[in-house]
Amino acid sequence: MQFRKKRQSEAQAEQWVVIAADSVVEAPKKAETEPVFIRLRNPKTDEASLYLLSSNALQLYEVKAFKEEYHSWFIGQTVQHDGRLLFITPMDPLFLVLPYFLKAGKEGKFQPVDQVVVDEDFPCCSRLLKCPQTLQALRHITEEKEIGGQKFNRYSKEKTLELLKKKVDRTVKALKSSNTCVGGAVKSSTFIRTKHNSEEKEEDYIRYAHGLISEYIAEDLSLDLHKYLKLPEISSPTEAEPPSKKRKLSDKPVEAGEDYTKFNSGDLKKPAKKMTAAQKALAKVDKTGMKSLSAFFSPKVKTEKK
């Protein structure tokens, strides 16, 4: 009975709620490998992230998680304590291969691809080379040489920046076609405008697209891309909303940048009102021995008899 409970808890821990297209999990009849989750090095944070490799390694997918505090799932007759909601979307595997070529590029020599994409902490990175999309796109970030029927590659910064610029251009087109607001008035993802702002400039779209692409590349490369796109530096931030009005999609409260307790209604002091001429004259009258009007209507206090 204890063994059965243990097996139940193990099965429960392996359950997730995922939103994905049917084509992501469906494997062809003649597929050599099935879809599999793998841990790879995140190209931006350099930390471990979860990805999904489709059957036969034809496509790489990014796994994103939406997490809320105190959230669980009811699956069948069990309760899944991991209340995350996973989203699976296609991703260019070249973003994951690029950091390895950046590192190898410091040596400045041509090397076989299988000697460049090597990681002791993430051995599954070699599976990226089985993806046809990866091998076909290497020419966009490297210089190639073929010696004795074997190919050698060397990182090219110029080619990489040109490829990233094309990705920015395609992202700008997608933003425009979807009427996405990218101007300075957009301060939070929770404040969405339905109408397109005519004041939005081409620079706003490029800057916004650059930010999206920068989520998949290292910070140094992001700065190089910023210069390559000839984006001007922002001298001072535009007027933002008060911290109390901003919301974050997280389980942590928003910390106000100022002491907002001074705006509590109990602490507000009303300014003194100007007195009329009659009120000023009344104020000068000697009120000794006089009672206020409310005193005639208040209950009398009974004196105790001694």
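This chain uses plain numbering: 1 for the first residue, then up along the sequence. All values below come from the heavy atoms of this structure, side chains included, with hydrogens, waters and symmetry mates left out.
Looking only at side-chain heavy atoms (C-beta outward), Asp204 and Tyr208 stay at 4.5 Å or farther from each other. Considering only heavy atoms from C-beta on, Met91 comes within 4.5 Å of Leu96 through its side chain. Between His210 and Leu225 there is a side-chain heavy-atom pair separated by less than 4.5 Å. Using a 4.5 Å cut-off on side-chain heavy atoms (C-beta onward), Glu144 and Asn153 make contact. Taking 4.5 Å as the limit, some side-chain heavy atom of Leu163 sits within range of a side-chain heavy atom of Leu94. The shortest distance between side-chain heavy atoms of Tyr155 and Leu102 falls below 4.5 Å. Using a 4.5 Å heavy-atom threshold, the side chains of Leu98 and Tyr216 count as separate. You'll find the side chain of Leu138 stays beyond 4.5 Å of the side chain of Lys151, heavy atoms only.
Shown here for His226 and Leu231, the closest heavy-atom pair between the two residues is CE1-O, 3.1 Å. The two residues Glu120 and Pro123 come nearest to each other via the heavy atoms O-CD, 3.8 Å. Ala104 approaches Val116 most closely through the heavy-atom pair CB-CG1, 3.9 Å. When every heavy atom of Val117 is checked against every heavy atom of Cys125, the shortest pair comes out as CG1-O, 3.7 Å. Closest approach of Asp114 and Leu129 over heavy atoms only: CA-CD1, 3.9 Å. Between Phe122 and Glu47, the shortest heavy-atom contact is CZ-C, 4.5 Å.
Put simply, the side chain of Lys159 never gets that close to the backbone of His140: no donor and acceptor are under 3.5 Å apart. Trp73 places no side-chain N or O within 3.5 Å of a backbone atom of Thr78 that could act as its donor or acceptor partner.
Between atom OG of residue Ser222 and atom CG of residue Asp220 there is a gap of 9.0 Å, rounded to the nearest 0.5 Å. Of the inter-residue distances, the one linking Asp224 atom CG with Ile217 atom CD1 reads 9.0 Å to the nearest 0.5 angstrom. Note that CG of Leu50 and CZ of Phe37 are 6.0 Å apart. Values are rounded to the nearest 0.5 Å. With rounding to the nearest 0.5 Å, the separation of CZ in Phe95 from CG in Leu164 is 6.0 Å. Distance check: Cys124 SG to Arg41 CZ gives 13.0 Å after rounding to the nearest 0.5 Å. Distance check, rounded to the nearest 0.5 Å: CG of Asp92 to OG1 of Thr134 gives 7.5 Å.
Criterion: ILVMFWY side-chain heavy atoms under 4.5 Å apart, direct or through other members. Under it, Leu58 and Ile38 are not part of a common hydrophobic cluster. If you chain together hydrophobic residues whose side chains sit under 4.5 Å apart, Val118 and Leu53 never meet in one group. Leu223 and Leu221 end up in different hydrophobic clusters when Ile, Leu, Val, Met, Phe, Trp and Tyr side chains are linked at under 4.5 Å.
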Practice item. For Val113 and Tyr100, run side-chain contact (heavy atoms from CB on, under 4.5 Å): C-alpha distance rounded to whole Å, both residues' side-chain angles, the deciding distance at 0.1 Å, then the answer. Key: CA-CA 10 Å; Val113 176; Tyr100 296 102; over 6 Å; no
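Note on Lys201 versus Glu203: no salt bridge recorded, every NZ/NE/NH1/NH2 to OD/OE distance being 4.0 Å or above.
Among Arg207, Lys176, Lys230, the one residue that satisfies the salt bridge (Lys or Arg N to Asp or Glu O under 4.0 Å) test with Glu202 is Lys176. Asp169 pairs with exactly one of Lys173, Lys167, Lys165, Lys166 by the salt bridge (Lys or Arg N to Asp or Glu O under 4.0 Å) rule, that one being Lys165.
More than 12 heavy atoms of other shown residues, nucleotides or ligands fall within 6.0 angstrom of atom CD in Glu146. Arg39 CZ: 12 or fewer foreign heavy atoms inside a 6.0 Å radius.
The aromatic ring centres of Phe152 and Phe110 sit 6.0 Å or more apart.
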